[in-house]
Amino acid sequence: MNDKFLTPYNPTETEDRIYTQWKESEYFNPDKLPSRHRTPFTIIMPPPNANGHLHAGHALTLTLQDIFIRYKRMQGFKALWVPGADHAGFETQIVYEKKLEKEGKSRFKMDRDVLYKEIYDFTMENKKFMEHEIEKMGSSCDWSREKFTLDPSVVKEVQKTFKKLYDDGLVYRGSRIINWCTKHQTSLSDVETESKEQKDKLYYFKYGPFTISTARPETKFGDKYVVMHPDDARYAEYKHGQTFELEWINGPITATVIKDEAIDMAFGTGVMTITPWHSGIDFEIAERHNLPKEQIIDFVGKLLPIAGEFTGMKIAEVRPKMVEKLKEKGLLVKIDEEYVHSVPVCYKCATTIEPQVKAQWFVKMKPLAELALKAVKEGRVQFMPDNFEKIFKYWMENTLDWNISRQIVWGIPIPAKHCEKCDEFVVDTEDVTKECQKCKGAFVKDTDTFDTWFSSGQWPLLALGYPDSSDFKNFYPTDLMETGSDLIFKWIPRMVIFGLYLAGKEPFRHVYLHGMVNDAQGKKMSKSKGNVVNPLDLIAKYGTDALRLGLVVGNTPGSEISLREDKIRGYKNFSNKLWNITRFVLSSAEGEVYEGKVQDEELAKILVDVTGDIENYRLHLASEKLYHYVWHRFADEILEESKKILKEGSEEEKKERKQLLLHILAQVLRALHPFIPFVTEEIWAHMPIADKKMLIIEEWPGK
RNA sequence: GCGCGAUUAGCUCAGUUGGUAGAGCAACCCAUUUACACUGGGAAGGUCGCAGGUUCGAGUCCUGCAUCGCGCACCA
């Protein structure tokens, strides 16, 4: 027996060496697998952001995907797992802006090209860390196929998709209400905002014969339309279109009555004035009745000249001052101090979103969402756990047009131009149009970039080299998409849509969504709370195998998991237990070669069970069953009873028992390999088995 | 306001089709160098959130309620 089993298992010493062996074997590459591997099984890795280090959530997703890939590879599938890296437009730009802030710089004072180059270098540097960490997790992904979301071929294809959507009438440029982050100076899509509940004051003002209420008096300077529900009996005497004179903030104005069903009669007085430039609802009302829109607040959050004496002031400053002024004019009716409502905030900096009207590129979602909805209803895309199907459908039935323009440099440029003179625009992927056909003015390139999710949404296609590559022909549609449940809106629907729209086929058949990884007390990890767990620290202490098992056992699909160190420590002990079992088996069976003749019905039955569990995405059960069998059945009982047989049995009984021990150990190593690949591969190398291959391509033991 | 999820041992969580409650950790007792102390054996610990219902039988199915968490909407 090898002396190495005389000392406890050392993950740190083992893991990097084994990973190198796997890489050298080239078995991560499906084209290099032995001939028994014919039917493709494909997973596209959700590309981690290339702007920093991996967190616990990455550790979980990589573990789950690697388990499925290794399992399928052992079963004889032509397993492909495509790794990637995401430039993560807005998020990376924010990370870099924070870095600039620390250095006392601002991106708004920098040349665009210089800034782009700096973020590019920063990203390339961080991409290396991220890739190294994917390797540390034991991920058996095919590095020869790795893609980056800013690879020239990817950029080109994303721009072509934009052109195609435009030609098909599914992308349009429009001046519509958008979510504007005054800190980051960019528009955001609806999924890039969050709701924040807060308590504000609700002000009631006299507006001619009416009393209106508002939480945002500072937007009211230009309000000239007063709106009420057509069925509201209280205001039946006022007719739609009727005008009246009134005294308002900065003097007398003429206002018009508008009747619209969007008004909630139960709210406040049932009457409101509208500010179409700074409110989604008001914008819609204005659109319906063809009313003018006027900007009150500029893009940095300061009042425009329409505010008269308040021009140039910030919102927070203006609000009390103008309320005071209205009070002096006798127009303040009352103030409700306890008005609790939610406001949209930037999901990254929590700055309150200022709705603005701005010319942007939009994707017309309804016809595309219908494609996705149909695919899900027909079962061509299935969710695990299946309650996500309901959420997906609801979302697809209630889509808003998607703003894909971002006013940031870090991203894929939108291939469009507009005329300096008349604002005519043109989509130009080849950069050939120089002059406006309408007015002969000069065209300038759009400086906006795409929403990251516009390119990420096409990732299953792009990662496989859509449209012409052989990989795309061989491996699309993919089999499984494993990602966090928080991406059910941001990402999953967009991938389904683009897959169906561009390739005519759903991008994946199954979606497995894991829950968020929380700290030991079940609290969300965040830098501000200081409870962030770094997977690399855990790997250094307990080994990757232990971390992987700790993330998988008892973790049901979709539900949150509390990451506790004592649990991971327990699974480090399991690796060592397996190590010592091997020590006992190999020393007991010294000189014996595994003949593969014995069977063990009990184990065979468990392996059938485990196989069923994995097939049905019950990894938490599969892993626990194996753990329990190895520790409490194989070690505690079978090994113990073997001691007596090996000591007192006949020669025949001894030989049979040795074969049985080798058999169980071999089967258990195979079955555990997807879960704890390092220690099993290491032990496998010392098994007395003739003509064995590396464990990574050995046959899966269950039926 | 609408929707989703959770509520099971001290803690963190399993419990696949309804058939006398499980794991890991912690705590308790015993064993003291055993393949493994990163160990073994043992014992203890739960009216499965509450109230009804269906059933021969409910942690599991149905209804209602409560508490916690999350998402969406409104956000005048």
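Throughout, protein chains are lettered first and strands after them, A, B, ... in sequence-line order, and every chain is numbered starting at 1.
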Electrostatic pair [X]-[Y], nearest N-O below 4.0 angstrom:
X         : Y         : value
Arg569(A) : Glu565(A) : no
Lys644(A) : Glu641(A) : no
Arg657(A) : Glu592(A) : no

Value in whole Å for how far the [atom2] atom of [N] lies from [atom1] of [X]:
X         : N      : atom1 : atom2 : result
Leu513(A) : G71(B) : CG    : P     : 15 Å
Met516(A) : G71(B) : CE    : P     : 10 Å
Lys196(A) : A73(B) : NZ    : P     : 17 Å
Arg583(A) : A35(B) : CZ    : P     : 8 Å
Lys572(A) : C36(B) : NZ    : C1'   : 13 Å
Glu194(A) : C72(B) : CD    : C1'   : 12 Å
Met396(A) : C72(B) : CE    : P     : 14 Å
Lys625(A) : G22(B) : NZ    : C1'   : 13 Å

Fit a plane to each ring of [X] and [Y], take the angle between them on a 0 to 90° scale, and name the class: parallel (under 30°), tilted (30 to 60°) or perpendicular (over 60°).
X         : Y         : answer
Phe5(A)   : Trp579(A) : tilted
His341(A) : Tyr339(A) : tilted
Tyr617(A) : Tyr512(A) : tilted
Phe205(A) : Trp248(A) : perpendicular

Touch class at under 4.0 angstrom, heavy-atom based, for [X] against every strand present:
X         : result
Phe574(A) : nothing
Ala635(A) : base
Asp636(A) : sugar-phosphate
Ile274(A) : nothing
Ile212(A) : nothing
Ile281(A) : sugar-phosphate

With rounding to the closest Å, how many angstrom separate the [atom1] atoms on [N] and [M]?
N      : M      : atom1 : answer
G41(B) : C25(B) : P     : 12 Å
A43(B) : C48(B) : C1'   : 23 Å
A21(B) : G45(B) : P     : 15 Å
C50(B) : C11(B) : P     : 16 Å
A6(B)  : G15(B) : C1'   : 15 Å
U12(B) : C4(B)  : P     : 26 Å
G18(B) : U60(B) : C1'   : 6 Å
U67(B) : C36(B) : C1'   : 46 Å

[X], nearest nucleotide to its side chain (from [options]):
X         : options                : value
Leu621(A) : C36(B), A35(B), G15(B) : G15(B)
Lys577(A) : A14(B), C38(B), U39(B) : U39(B)
Asp613(A) : U16(B), C38(B), A14(B) : U16(B)

Q.
Whether the side chain of Tyr207(A) engages the backbone of Asp223(A) through a donor-acceptor N/O pair (distance < 3.5 Å, no angle test) should be reported.
A. yes

Q. Which dot-bracket string fits RNA chain B when only Watson-Crick or G-U wobble pairs with both atom distances under 3.5 Å count, crossing pairs get [ ], and | stands for a partner on a different strand?
A. (((((((..((((.....[..))))..((((.......))))......(((((..]....))))))))))))....

Q. Would you say the side chains of Asn179(A) and Thr193(A) form a donor-acceptor pair under 3.5 Å?
A. no

Q: Classify the side-chain pair Glu354(A)/Thr182(A) by whether it contains a donor and acceptor separated by less than 3.5 Å.
A: no

**Q.** Partners passing side-chain contact (heavy atoms from CB on, under 4.5 Å) against Pro535(A) (at least two apart in sequence or in another chain)
**A.**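 If we apply the side-chain contact (heavy atoms from CB on, under 4.5 Å) test to Pro535(A), skipping adjacent residues, the hits are Ala59(A), Leu547(A).
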
At under 4.0 Å, does any side-chain N or O of [X] touch on OP1 or OP2 of [N]?
X         : N      : result
Thr556(A) : A14(B) : yes
His620(A) : G15(B) : yes
Ser562(A) : C13(B) : yes

Look for any protein N or O under 3.5 Å of an N or O in nucleotides 24-27 of chain B and output each such pair with its distance, or none.
from	atom 1	to	atom 2	distance (Å)
G24(B)	OP1	His632(A)	NE2	3.2
G24(B)	N2	Arg564(A)	NH1	3.3
C25(B)	O2'	Asp566(A)	OD2	2.7

N/O contacts under 3.5 Å, protein versus nucleotides 1-5 of chain B?
from	atom 1	to	atom 2	distance (Å)
C4(B)	O2'	Asn387(A)	ND2	3.4

Q: With RNA chain B as reference, determine whether Tyr339(A) or Trp395(A) sits nearer its 5' end, using the nearest nucleotide of each.
A: Trp395(A)

Q | All pairs passing salt bridge (charged side-chain N to carboxylate O under 4.0 Å, His left out) where residues 264-289 of chain A contributes a residue, at least two apart | A |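 Pairs touching residues 264-289 of chain A that pass the test: Arg176(A)-Glu284(A), Asp260(A)-Arg288(A), Glu287(A)-Lys293(A).
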
(Q) Would you say that Arg633(A) contacts Glu602(A) through its side chain, given a criterion of any heavy-atom pair below 4.5 Å between the two side chains? (A) yes

Q.
According to side-chain hydrogen bond (donor to acceptor under 3.5 Å, both in side chains), who are the partners of Asp636(A), at least two apart in sequence or on a separate chain?
A. His632(A)

